[in-house]
Engineer: 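My questions will all concern the structure given below.
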Amino acid sequence: MLKVVLITGISGSGKSVALRLLEDTGYTCVDNLPARFLAEFVERSAQQGLERLAVAIDVRGSGDLDTLPDVIRKLREDGYALRVIFLNANDHTLMQRYSESRRRHPLTDRLRQDGRSPSLEECIAVERELTASLREQEHVIDTSDVTPGQLRAWVRDLVQADRASVVLTFESFAYKRGVPGDADLVFDVRCLPNPHYDPELRPMTGRDEPVAKWLAQFGSVENMIDDIASFVRRWLPLYMQDTRNYLTVAIGCTGGQHRSVYVTEQLALRFADHAPLLVRHRNQPPINPVQ
């Protein structure tokens, strides 16, 4: 059966990075396809015997983006394995990326009035309004403070996951860099003992055995993991009944290096029986980074 991945989201959030990764992994990729052509394109691709298809649709196309949720719903009703990934980033990150690339926002000409070009902030705000329905319904990856290598690894893991159940993601992050926008549930573990104050453990991460052994000696750490695991296991069935396809549980500590990473890894072990299961560390490099 044809597998379809739709990449959408906010301009400057990394859609081209995601699309190139899919192309490198064997997907037939089409960028900037008008939303009104998606259903016909998917159907013809299936008739031609294609197995993997990736399409990027966003505000660069004509003004029919508001029809996309209905098209997505109809394709799923017709039995197509369609996964939608919505890439997002905060305003500060987007402004910085546009400044570095010196590119214009795709809505600049469309929003021009009386000879006055809109500001970048205005373009981003309008784009968020235009894509709000997609952001609320589909899987969101917040690419703020995420490297291209991390994004490629996350997209690769996501498209390999089976859609038969809710994709459960445990994600560590640093509070000093803000709560990730893709989090559904957020847990704060900054109250736990901090390995940062041990000079030998400071350069390590929560994935390193000495740090894990140090944290495991504290009953408060084990109790925190037990409580989070119990909460997620109790309410996960209701999230699944809500017809959602994704649930992201974010675990935060100050620097996103020790405590949140360790707790995230331990939670992943507790939920090893759930498939598909993904693990992300926003402020750590991927274990096997994609080049």
Engineer: State, yes or no, whether a side-chain contact exists between Leu130 and Leu107 at a heavy-atom distance under 4.5 Å.
Structural biologist: yes
Engineer: Counting only heavy atoms not in Arg233, do more than 12 sit closer than 6.0 Å to its CZ atom?
Structural biologist: yes
Engineer: Taking atom CD of Glu122 as the centre, does the number of heavy atoms from other residues, nucleotides or ligands within less than 6.0 Å exceed 12?
Structural biologist: yes
Engineer: Tell me whether Ser230 contacts the main-chain N or O of Asp226 through its side chain, where contact means a donor paired with an acceptor under 3.5 Å.
Structural biologist: yes
Engineer: Provide the closest heavy-atom pair for Gln257 versus Ser260 in the form atom of the first, atom of the second, distance.
Structural biologist: N-OG, 4.3 Å
Engineer: Please check if atom CD in Gln217 has more than 12 non-hydrogen atoms from other residues, nucleotides or ligands closer than 6.0 Å.
Structural biologist: yes
Engineer: Within the supplied structure, the quantity of interest is the number of heavy atoms (other residues, nucleotides, ligands) at a distance under 6.0 Å from Glu100 CD; does it exceed 12?
Structural biologist: yes
Engineer: Please check: side-chain N/O of Asp208 versus main-chain N/O of Thr205, any donor-acceptor pairing under 3.5 Å?
Structural biologist: yes
Engineer: Is it true that Ile141 and Val167 fall in one hydrophobic cluster, defined by side-chain heavy atoms closer than 4.5 Å?
Structural biologist: yes
Engineer: Got a second to check how far Met204's CE is from His196's NE2, nearest 0.5 Å?
Structural biologist: 14.5 Å
Engineer: One thing to verify: whether Arg270 and Glu265 come together as a salt bridge, which I'm taking to mean a side-chain N less than 4.0 angstrom from a carboxylate O.
Structural biologist: no
Engineer: Take Leu120 and Ile124, measure what side-chain contact (heavy atoms from CB on, under 4.5 Å) needs, and give me the verdict at the end.
Structural biologist: CA-CA 6 Å; Leu120 179 56; Ile124 294 173; 4.0 Å; yes
Engineer: Could you please spell out the steps behind the side-chain contact (heavy atoms from CB on, under 4.5 Å) verdict for Val55 and Ile57?
Structural biologist: CA-CA 7 Å; Val55 180; Ile57 299 178; 3.8 Å; yes
Engineer: Supply the atom-to-atom distance Cys29 SG to Leu22 CG, rounded to the nearest 0.5 angstrom.
Structural biologist: 5.5 Å
Engineer: Side-chain contact, heavy-atom cut-off 4.5 Å: Tyr262 with Val221?
Structural biologist: yes
Engineer: Can you tell me how far the CG atom of Asp184 sits from the OG1 atom of Thr248, to the nearest 0.5 Å?
Structural biologist: 5.0 Å
Engineer: Would you find a donor on one side and an acceptor on the other, under 3.5 Å apart, between the side chain of His258 and the backbone of Leu201?
Structural biologist: yes
Engineer: In terms of side-chain heavy atoms, does Arg52 have a donor or acceptor partner in Ser45 at a distance below 3.5 Å?
Structural biologist: no
Engineer: Mind checking whether Ile251 and Phe231 sit in one hydrophobic cluster, side chains of I, L, V, M, F, W, Y counted as touching below 4.5 Å?
Structural biologist: yes
Engineer: Give the intermediate values and the outcome of salt bridge (Lys or Arg N to Asp or Glu O under 4.0 Å) for residues Arg60 and Asp31.
Structural biologist: CA-CA 10 Å; Arg60 291 173 296 168; Asp31 190 16; 2.5 Å; yes
Engineer: Within the structure provided, determine whether Asp142 and Arg282 are in side-chain contact (heavy-atom separation under 4.5 Å).
Structural biologist: yes
Engineer: Quick one: do the Ser117 and Arg112 side chains pair a donor with an acceptor below 3.5 Å?
Structural biologist: yes
Engineer: Let's go through Leu53 and Leu2 carefully: what are the C-alpha distance in whole Å and the side-chain angles of both, what is the deciding distance for side-chain contact (heavy atoms from CB on, under 4.5 Å) to 0.1 Å, and is it a yes or a no?
Structural biologist: CA-CA 7 Å; Leu53 179 68; Leu2 175 65; 4.0 Å; yes
Engineer: Would you mind checking if Asp24 and Arg156 are paired as a salt bridge, meaning a charged N to carboxylate O distance below 4.0 Å?
Structural biologist: no
Engineer: In terms of heavy-atom contacts, does CD of Glu77 have more than 12 from other residues, nucleotides or ligands at under 6.0 Å?
Structural biologist: yes
Engineer: What's the separation between atom CG in Leu278 and atom CG in Leu247, rounded to the nearest 0.5 Å?
Structural biologist: 11.5 Å
Engineer: At their closest point, which heavy atom of Pro106 faces which heavy atom of Val59, and how far apart are they?
Structural biologist: CG-CG2, 4.0 Å
Engineer: More than 12 non-hydrogen atoms from neighbouring residues, nucleotides or ligands closer than 6.0 Å to CZ on Arg202, yes or no?
Structural biologist: yes
Engineer: Which heavy atom of Thr108 sits nearest to which heavy atom of Arg104, and what is that distance?
Structural biologist: CG2-NH1, 3.8 Å
Engineer: When you compare the side chain of Val5 with that of Leu158, does any pair of heavy atoms fall below 4.5 Å?
Structural biologist: no
Engineer: Assigning hydrophobic clusters by single linkage (Ile, Leu, Val, Met, Phe, Trp, Tyr; side-chain heavy-atom cutoff under 4.5 Å), is Leu238 placed with Val249?
Structural biologist: yes
Engineer: Within the 4.5 Å heavy-atom criterion, are Glu127 and Ser11 side-chain neighbours or not?
Structural biologist: yes
Engineer: Mind checking what makes salt bridge (charged side-chain N to carboxylate O under 4.0 Å, His left out) contact with Asp70, not counting sequence neighbours?
Structural biologist: Arg73
Engineer: Any side-chain heavy-atom pair from Val159 and Thr25 closer than 4.5 angstrom?
Structural biologist: no
Engineer: Same hydrophobic cluster for Val261 and Ile225, using side-chain heavy-atom links shorter than 4.5 Å among ILVMFWY?
Structural biologist: no
Engineer: Taking only residues two or more places apart in sequence or in another chain, which ones pass side-chain hydrogen bond (donor to acceptor under 3.5 Å, both in side chains) with Arg177?
Structural biologist: Asp145
Engineer: Measure the spacing between CD1 of Ile7 and CZ of Arg83 and express it to the nearest 0.5 Å.
Structural biologist: 10.5 Å
Engineer: Donor-acceptor pairs are to be reported for all side-chain atoms of residues 168-176 against protein atoms at under 3.5 Å, with residues two or more places apart or in another chain.
Structural biologist:
{"residue": "Ser172", "atom": "OG", "partner": "His281", "partner atom": "ND1", "Å": "2.8"}

Engineer: When you look at Leu215 and Leu192, which way does the side-chain contact (heavy atoms from CB on, under 4.5 Å) test go after all the steps?
Structural biologist: CA-CA 9 Å; Leu215 285 167; Leu192 299 180; 5.6 Å; no
Engineer: Any side-chain to backbone donor/acceptor pair from Thr147 onto Gln150? Under 3.5 Å, distance only.
Structural biologist: yes
Engineer: Report the residues that fulfil side-chain hydrogen bond (donor to acceptor under 3.5 Å, both in side chains) with Ser16, sequence neighbours left out, ordered by chain and then residue number.
Structural biologist: none
Engineer: Provide the closest heavy-atom pair for Lys15 versus Asp58 in the form atom of the first, atom of the second, distance.
Structural biologist: CE-OD2, 2.7 Å
Engineer: Please name all residues satisfying ring pair (Phe, Tyr, Trp, His ring centres under 6.0 Å) with Tyr98, sequence neighbours left out, ordered by chain then number.
Structural biologist: His105
Engineer: Under 4.5 Å between side-chain heavy atoms, hopping through other hydrophobics if needed: is there a path connecting Phe271 to Trp235?
Structural biologist: yes
Engineer: Please give me the minimum heavy-atom distance between Pro118 and Leu111, naming the atom from each residue.
Structural biologist: CG-CB, 3.7 Å
Engineer: Once you round to the nearest 0.5 Å, how far does CD1 of Ile10 lie from CZ of Arg97?
Structural biologist: 12.0 Å
Engineer: Please tabulate, one pair per line, all N/O donor-acceptor pairs under 3.5 Å involving side-chain atoms of residues 84-95, not counting sequence neighbours.
Structural biologist:
{"residue": "Asn88", "atom": "OD1", "partner": "Arg128", "partner atom": "NH1", "Å": "2.8"}
{"residue": "Asn90", "atom": "OD1", "partner": "His92", "partner atom": "N", "Å": "3.3"}
{"residue": "Asn90", "atom": "OD1", "partner": "Thr93", "partner atom": "N", "Å": "2.7"}
{"residue": "Asn90", "atom": "OD1", "partner": "Thr93", "partner atom": "OG1", "Å": "2.8"}
{"residue": "Asn90", "atom": "ND2", "partner": "Ser144", "partner atom": "OG", "Å": "3.3"}
{"residue": "Asp91", "atom": "OD1", "partner": "Arg128", "partner atom": "NE", "Å": "3.2"}
{"residue": "Asp91", "atom": "OD1", "partner": "Arg128", "partner atom": "NH2", "Å": "2.7"}

Engineer: Would you check if Val71 and Leu75 make a side-chain contact, meaning some heavy-atom pair closer than 4.5 Å?
Structural biologist: yes
Engineer: Between Asp78 and Lys74, is there a salt bridge with N-O shorter than 4.0 Å?
Structural biologist: yes
Engineer: Looking only at heavy atoms, which two atoms of Met1 and Gly79 are closest? And how far apart?
Structural biologist: SD-O, 3.4 Å
Engineer: So do Arg259 and Pro195 actually touch side chain to side chain, heavy atoms under 4.5 Å?
Structural biologist: yes
